[in-house]
Amino acid sequence: MDNLLLKGARHILMLVSLLASFVSAFAQTPLDDERKEAVVDSITRGEIEWESLTLAGKFKMNGLPVSPSVRIYMKRDSVILMSLRAPFVGEVGRAEIADSMILVVNKMNKTYVEEPIEKALAYYPGGISDIQNLLLGQAFIPGHGVISPDMKDMLELYEEEDGSVTVITTEDYRLDGFNYGYSFSPEWALSALMVLPLDKPDVAVTLQYLYYPKGYDIEFHYQSEKRDYRATLELDNPDIEGKGFKRIKIDGKYTQLPFDKFISGFKN
């Protein structure tokens, strides 16, 4: 019980610290143009050049009886294939974004959900490239791509006492209905993304990035008064020479479900 309490306290403190960092940006003076240009150059210097790549690791989520291994193949701006495999069982799930469609399959109970990308992202100006950027830990402006030095006029930067930097967009480039911001470590690595829906003040969504010599973790946290969802991708560093794998074929043995029922089935 003590360990559970400590773990819960750690996540709460992390969320509070991210929120405090994000909110404090509005009470500070943005960096001047000279300093901002230097910082933007620093935070974009480590971005990788790629056309296709693979990622491998593990996926952990509350409600899953095991932590399946994960393999991801991506073609820049066009394809994401994700395969989940459980020990002694084989492939248990698949997620694919390609040909303007999103497909998620639960192979254990033969169910799937499928819909056009434009429907899933109906209220979002970005697309598949932004999802790829999130998986690679690359900060971006929705609809405009990965942050680069020539985007500095779209950004406001605030330097914290510990050397970390909070980045938000200027008013002209903010998302309707949302506040969002990035946090970069003193070493210029992306450490967190926080999203706050304006019409749901009790909701906070965070992605936290934790780095290791051979890989990194992406911790997802959705928190509201009624729900607390957590999931973690533990990934090895990208392999830009990695090979892809075949897309899944859906036959008559599979049943299509609405998204909410599909998610419930994945937890059983």
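What's counted below: heavy atoms across the whole structure, side chains too, no hydrogens, waters or symmetry copies.
- The shortest side-chain heavy-atom distance between Leu134 and Phe220 does not fall under the 4.5 Å cut-off.
- In this structure, CG on Asp32 lies 11.0 Å from CG on Leu157, to the nearest 0.5 angstrom.
- The closest side-chain heavy-atom distance from Val205 to Tyr180 is not below 4.5 Å.
- In the hydrophobic cluster analysis, where Ile, Leu, Val, Met, Phe, Trp and Tyr join through side-chain heavy atoms closer than 4.5 angstrom, Tyr173 is grouped together with Phe178.
- Residues Tyr229 and Ser224 have side chains not in contact (no heavy-atom distance under 4.5 Å, counting atoms from C-beta outward).
- The closest side-chain donor-acceptor pair between Glu118 and Ser100, if any, does not fall under 3.5 angstrom.
- Here the side chains of Met101 and Pro116 are in contact, with some heavy-atom distance below 4.5 Å.
- When each of Glu115, Arg247, Glu96 is paired with Leu103, the side-chain contact (heavy atoms from CB on, under 4.5 Å) condition holds for Glu96 and for no other.
- Formation of a donor-acceptor pair under 3.5 Å by the Tyr211 side chain with backbone atoms of Leu190 is found in this model.
- The CD1 atom of Ile128 sits 11.0 Å away from the CG atom of Asn133 when rounded to the nearest 0.5 Å.
- Side-chain contact annotation: Thr170 with Asp172, donor-acceptor N/O pair under 3.5 Å absent.
- Placement of Tyr73 and Ile240 in two distinct hydrophobic clusters is found when ILVMFWY residues are connected by side-chain heavy-atom separations under 4.5 Å, directly or transitively.
- Minimum interatomic distance between Lys58 and Val70 (heavy atoms only, all atoms of both residues): N-CG1, 3.5 Å.
- Atom CZ of residue Arg76 and atom CD of residue Gln132 lie 7.5 Å apart, to the nearest 0.5 angstrom.
- Between Pro149 and Asp41 the shortest heavy-atom distance is CG-OD1, 4.4 Å.
- Between the side chains of Glu114 and Tyr112, no donor-acceptor pair of N or O atoms lies under 3.5 Å.
- Contact of the Phe245 side chain with the Ser83 side chain is registered, since non-hydrogen atoms from C-beta on lie closer than 4.5 Å.
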**Asked** Between Ile147 and Gln138, does a side chain to side chain contact (heavy atoms under 4.5 Å, CB included) hold up when you go through it step by step?
**Response** CA-CA 8 Å; Ile147 291 175; Gln138 296 184 328; over 6 Å; no
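- Within the 4.5 Å cutoff, the side chain of Pro30 has heavy atoms near those of the Tyr158 side chain.
- Between Phe184 and Tyr182, the ring planes are tilted. Angles from 30° to 60° get that label.
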